[in-house]
Every structure is written in structure tokens, then in C-alpha cells.
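Below you'll find the structure, written out as C-alpha cells, and then a few comments.
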Amino acid sequence: MNINKEVEEKLKKVNLLISDVDGVLTDGSIYIGAGNVELKKFSVEDGAGVALAKVAGLKIAFLSGRYSPATDIRAKELKIEDVYNGMLNKIPAYEELKQKYNLEDSEIAYIGDGLIDLPVMEKSGAPLSVRNAYLPVKKAAVYVTDKNGGSGALREAVDLILKAKGVYEEAIKRLTKKVIETSSG
Ligand SMILES: [Mg+2]
């Protein structure tokens, strides 16, 4: 996880991290079973990343091109307020979030893996991609995660942003304290 000064400056400004779902929060696989059952595998590491972002005041949103009930269920579990599910054109959702939180493009990071992510990545001040992203997407990113999609790539992006902002250590402390307090009733 080595980044240069220029990338660090971009990440320092980020207040909202928008994540694609298929291929970023998952490995891109969709398990289809009889009776229209659809399953996806999410990483608990990313769940911890969302929790860490939350205590640090970094907003997280999910923006998926392909509609899937599993995405809504996972987002609900992680208490993600902003979920766009089934938006092939991602620009309107990006603009809506930007307006809702009164942000500049420079304050928005976007992590993706596929071609449909490129238009929003071009707008975002800090476009990121996962290691196993499509090559043009990796080229459009200011940082490519060491992790593949579905294996903690979002967590890595959150860590990176919080470290650039200089709030990582404090966030870890606060999250640990919160977990202890919650579990002790
Ligand atoms: Mg994708």
C-alpha cells in the first residue's frame, strides 16, 4: 500500500467513498440457483472497513449497475444509507450524492472494476480500482488496490483514505472501544 504524495493529496480531501458492488464488494461471481435464488459472497473485511469509515466520519455509498436483492440486504446489514441498485448509468446517482452532501468532485472517491464505472471515475477526484479490474479501468484509477474485488478491496480503500487524512489510528481506537462497549451491553 505505497502511494505517492500526489495521490495522498487527492485522498486527503475525500469525504465520500462510493463503491461499485459486483467485482468490488464481490469477486464478480453471481450464483444462480433453482427458484430464482441468487447468491453473492461478500467479505467481512469490507464490513469492518465500512464500520471504520463510519467512526471516522467518512461516508460510504453503494452504487450498483446490476439490480440484485442481495446488495440491498448487505447494505442494510452494514447500515449503508445511500444504496443505488440497478443503475446502469451511474452519473445521476453520483450527482445526487454530490448534491445531497454538498460536495465537490474532489471530495468524492469512487472505486470500480468495470467499463460502466469509467464515466463516474472521470468525474471523481479520487478514482480507485481493484486489482482484478478491467485494464482501462485500472489505467483510469489514481490507485489500484492490492486486493481483488470481494477480498477486502473496499477495506483497503478505506484504510488508505483514513491514513491520508491522518485519522486512521484514532478511528481504529474509537471502533475498538465501540465494539467493546457494545458487546459488554
Ligand atoms: Mg463492477
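Read the numbers this way: they start at 1 and go in the same order the structure lists the ligands and their atoms.
- In this structure, K123 is not positioned above the aromatic face of Y110 in the sense of NZ or CZ being under 6.0 Å from the six-membered ring centre and within 45° of the axis.
- Around the Mg ion (ligand 1), the two atoms OD2 of D20 and OD1 of D113 are separated by an angle of 80°, to 10 degrees.
- Checking side-chain atoms of K40 against main-chain N and O of T71 turns up no donor-acceptor pair under 3.5 Å.
- Residues N15 and K165 bring a donor and an acceptor atom of their side chains to less than 3.5 Å of each other.
- For residue D117, no N/O/S atom approaches the Mg ion (ligand 1) to within less than 2.8 Å.
- Side-chain atoms of Y101 and D82 include a donor-acceptor pair closer than 3.5 Å.
- Restricting D22 to its N/O/S atoms, the shortest distance to the Mg ion (ligand 1) is reached by O.
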